[in-house]
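Both ligands and their constituent atoms are indexed starting at 1 by order of listing.
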Amino acid sequence: MDRNSPSSLINAVDTHLLETVGVAPAQATPTELMQAVAQVAREQLSRRWVATQRREQDEKARRVYYLSMEFLIGRTLGNALAALGLADGAAQAVTQHAQKLEDVAEREPDAALGNGGLGRLAACFLDSMATLGLPSFGYGIRYEYGMFAQSIQQGCQVEYPDPWLADGTPWEFPRAGITYPVRFGGWVEHQGHQGGKALWRHAGEVAAKAYDMVVPGHGTSKVSTLRLWKAVAPAHIDLHAFNTGDYARAASVKNEYENISWVLYPNDSTPAGRELRLRQEYFFVAASVQDILARHLDEYGTLANLADKVAMHLNDTHPAIAVAELMRVLCDEQDMAWEQAWSITQRVFSYTNHTLMPEALETWPVSLMQHVLPRHLEIIFRINQAFLDFAAAQRPGELGFLSRLSLVDESGERRVRMAHLSIVGSHKVNGVSALHSELLVKTIFADFAALWPERFTNMTNGVTPRRWLAQANPGLAGLLDRTLGAKWRLDLDQLQALRELRGNEGFRAEFMAVKRANKARLAEHIARSTGIAVDPASLFDVQVKRIHEYKRQLLNVLHLVARYQAILAHPNAGWVPRTAIFAGKAASSYAAAKSIIRLIHDVGSVINRDARVAGLLKVVFVPNYGVSVAEVIMPGADLSEQISTAGTEASGTGNMKLALNGALTIGTDDGANIEIRQQVGDDNIFIFGLKTPEVQALRASGYQPMRWYEGNPQLKHVLDAIAGGTFSPEEPGRYRGLVDSLLWGGDHYLLLADFASYAETQLRVDALFRQSGEWASRAIANVAGMGAFSSDRTIREYAQQIWGMTPAP
Ligand code: 26Q
């Protein structure tokens with residue numbers, strides 16, 4: 001009897017309702033059905049996990065370990081069912097209970113264990129690693145609370161905790177036997193002389209317990225593992241307080257240990273610099289390194305061949321302390337000679353940088369590191385000494401060169417530069433788009449690139465077509481299946497064949513019907529979440545991403561205000577009806593970002609209420625942006641706003657998801673937009689604004705935003721309205737500061753300099769949208785060009801060029 005047949009699944013779901021969930025099948029709620037269907041999938045994932053581990057052990061496979069503080073996986077059910085080939089059967093099974101699978105799947109909370117692009121990239125990479133059959137583990141933290149939930153009250157962001165584990169999750173496999181001690185603080189003793197064997201007299205210890213999530217591959221029975229660590233107070237801790245009935249004290253001691261894995265830091269730019277964050281970073285790194293070495297010793301009985309069998313990848317600098325930790329374990333605990341340990345370490349590690357912005361680069365005060373990780377600090381100093389000796393030999397006497405390279409920033413309070421540690425400790429360093437990688441070696445890492453040009457490389461980001469097309473956009477996926485067959489899921493280059501269909505009336509009509517249905521679905525979501533009705537016939541203009549000054553949501557707002565004013569001035573100019581859709585979270589401490597959210601709401605409430613522009617312009621902000629909200633927004637977009645100041649957005653991945661779903665991009669010459677343009681062709685994308693060298697030149701020449709304000713009456717009118725209280729009549733000065741930061745504060749991201757070009761380009765967007773056939777053809781060309789942005793391509797490149805592995809063809 002086929003386990004995956006509909007009748008078997010119907011039985012399996014009922015059995016789990018009865019035996020696992022604890023409910024009479026006839027009375028099951030959608031949430032209970034979700035739990036039961038998840039259990040059916042879980043059983044098969046478990047089998048696949050066991051078989052995969054067994055095979056990889058037998059094959060003595062080389063493995064890659066992806067170390068990341070963030071994995072933004074979102075929901076699991078739909079993806080698991082698709083990977084296991086259970087989607088149709090499960091749909092039938094829930095139909096027996098008078099439910100729809102989509103509604104049942106919606107009961108699952110998102111696993112929001114990440115902030116944004118970096119965390120979602122890690123999740124897409126796991127999907128691709130599993131699909132390509134790469135022996136692989138993701139390692140991270142099992143945060144009790146993920147990314148905060150966002151609600152909007154009177155136009156302002158309000159944050160709520162995200163207790164995603166409150167009702168348990170069907171997807172984790174607690175590994176009761178897998179637990180490691182992680183130590184902190186104390187001091188270091190050296191046997192005999194300084195430089196003799198080091199003994200770390202730690203002050204405290206916490207246990208790291210392993211919880212696995214199984215990541216299924218598509219089109220393969222292989223899986224990858226996401227192993228997340230939870231911090232647990234060691235069992236012996238303060239039993240005395242407990243025994244004497246001092247429960248408050250016992251609880252507070254326990255909390256002090258366990259708070260390490262409590263909550264994700266909701267900051268995706270300026271590093272928090274807090275001790276707890278450093279403890280989080282070391283906690284998961286120390287547990288992961290122990291786990292990796294234990295597995296290796298179990299298989300080989302020696303660490304001498306570690307670099308032949310193990311690749312460890314640093315997702316940004318957040319796990320960079322792993323370089324010092326591996327050195328510590330090899331030298332102090334395994335008695336390996338420093339030189340051999342260093343050679344292994346450099347061959348094991350590789351590092352991806354995700355930002356050029358200097359303020360976002362992670363550094364830790366030497367004093368804090370001394371306090372939390374005294375032995376690691378010594379090791380970092382020794383690495384630095386050897387490195388600077390080497391660098392000095394290359395450029396004798398160049399002290400500026402050496403101080404720029406140093407792992408320790410000596411200007412002001414001494415700080416350890418985690419990016420420098422990552423570069424020195426790795427054999428490969430990559431950026432995430434062609435432009436970003438080029439800028440890395442020309443700007444922030446130029447000195448390192450002069451020493452080691454061959455160490456630096458590019459790996460342009462990608463997204464998994466399984467989640468971002470097959471799952472998020474079943475309408476388009478169905479059309480592609482009928483047109484191209486189903487293989488595009490595993491070979492996204494097959495989308496190229498759509499190019500020839502651009503002019504095909506029938507295909508265009510089907511394609512636009514799918515888009516229209518997705519817009520209707522998005523409109524329903526908007527109505528439900530904001531109470532605002534929007535018209536699916538209007539142009540859906542979408543900017544969804546973290547709120548950041550460099551991403552320039554404010555430039556988008558300036559254009560919307562200009563458009564509002566222009567419609568009022570010229571009501572009969574044949575305006576294309578538009579709905580501007582924003583979504584995104586602001587870091588809780590980022591005042592300027594929060595102010596932008598409020599401005600979007602204030603501008604929206606004036607425009608949406610003004611009968612004079614009714615039917616021509618609407619502005620909405622979709623609350624609580626995250627993976628599941630993105631899965632509704634991406635397929636319903638006509639226009640994708642990717643408008644960061646050139647040279648600031650490392651890559652972007654939302655740009656890829658939107659284009660893959662048939663949105664046209666309006667964007668700057670930045671990040672992966674440049675490569676998207678190359679893939680879809682200049683005619684199928686709207687690029688505007690200053691290019692990176694022009695941005696640099698304008699800043700160097702002394703940018704005076706006031707000149708642009710004075711020189712552009714339309715822009716002046718917009719800024720005067722915002723600053724004067726047109727959108728905040730009850731508090732006219734509310735946006736004075738925001739506008740002043742542009743006019744008098746230097747307009748660091750050059751909004752005013754790019755405004756005219758942006759507004760003019762938006763008129764070209766309108767003109768194209770009026771010609772619906774032409775628009776359809778270009779939207780199709782976008783989908784057709786997205787093959788290169790599958791994360792399968794990205795992971796193949798990492799595997800071959802960085803990790804020394806050969807994925808299945
Ligand atoms: C660091 C220290 C302390 C607290 C928080 C952080 C922190 C956390 C998250 C710093 C940065 C991040 C996230 C950065 C991020 O998401 N970067 C984005 O990465 C994407 C994937 O490569 C790119 O596409 C985006 O361009 C980039 O902005």
*For ligand 1, which part of V432 has a heavy atom less than 4.0 Å away: the side chain, the backbone, both, or neither?*
side chain
*Heavy-atom distance under 4.5 Å between the side chains of L67 and S288, does that happen here?*
yes
*Backbone or side-chain N or O of E649 under 3.5 Å from ligand 1 N or O*: yes
*Nearest to atom 23 (C) of ligand 1 by heavy atom, G117, G652, G116: which?*
G652
*Which is it for N461 and ligand 1 at heavy atoms under 4.0 Å: side chain, backbone, both or neither?*
side chain
_Audit row: H420, F448, ring pair (Phe, Tyr, Trp, His ring centres under 6.0 Å) steps and yes/no_ = CA-CA 9 Å; H420 294 203; F448 287 98; 4.8 Å; yes
_Check the orientation of Y798 and H313. Use parallel for under 30°, tilted for 30 to 60°, and perpendicular for over 60°._
perpendicular
*For ligand 1, which atoms, with element, lie under 4.0 Å from some heavy atom of E70?*
8 (C), 9 (C)
*Give a yes/no verdict on a cation-pi contact between R274 and Y265, requiring under 6.0 Å between NZ or CZ and the six-membered ring centre and an angle within 45° of the axis.*
no
*Under 4.0 Å from any heavy atom of N267, which atoms of ligand 1 are there?*
5 (C), 6 (C), 7 (C), 8 (C), 9 (C)
*Which atoms of ligand 1 are found less than 4.0 Å from any heavy atom of A650?*
26 (O)
*Check each heavy atom of R546 against ligand 1 and say whether those closer than 4.0 Å belong to the side chain, the backbone, both or neither.*
neither
*May I ask you to check whether K551 has an N/O atom sitting below 3.5 Å from an N/O atom of ligand 1?*
no
*asked:* With a heavy-atom distance limit of 4.0 Å, tell me whether M69 approaches ligand 1 through its side chain, its backbone, both, or neither.
replied: neither
*According to the salt bridge (charged side-chain N to carboxylate O under 4.0 Å, His left out) rule, which pairs have a member within residues 634-645, sequence neighbours left out?*
K519-D638
*Quick one: are N353 and F445 in side-chain contact, heavy atoms under 4.5 Å?*
yes
*Going by heavy atoms, is T355 under 4.0 Å from ligand 1?*
no
*Taking distance alone, with no angle check, do S651 and ligand 1 share an N/O pair under 3.5 Å?*
yes
*Which of parallel (below 30°), tilted (30 to 60°) and perpendicular (above 60°) describes W229 and Y139?*
parallel
*With heavy atoms under 4.0 Å as the rule, classify the contact between Y550 and ligand 1 as side chain, backbone, both or neither.*
side chain
_R277 contact mode with ligand 1 (heavy-atom cut-off under 4.0 Å)_ = side chain
*Quick one: salt bridge (charged side-chain N to carboxylate O under 4.0 Å, His left out) pairs with a partner in residues 428-443, sequence neighbours left out?*
E438-K442
_More than 12 heavy atoms of other groups within 6.0 Å of Y145 OH_ = no
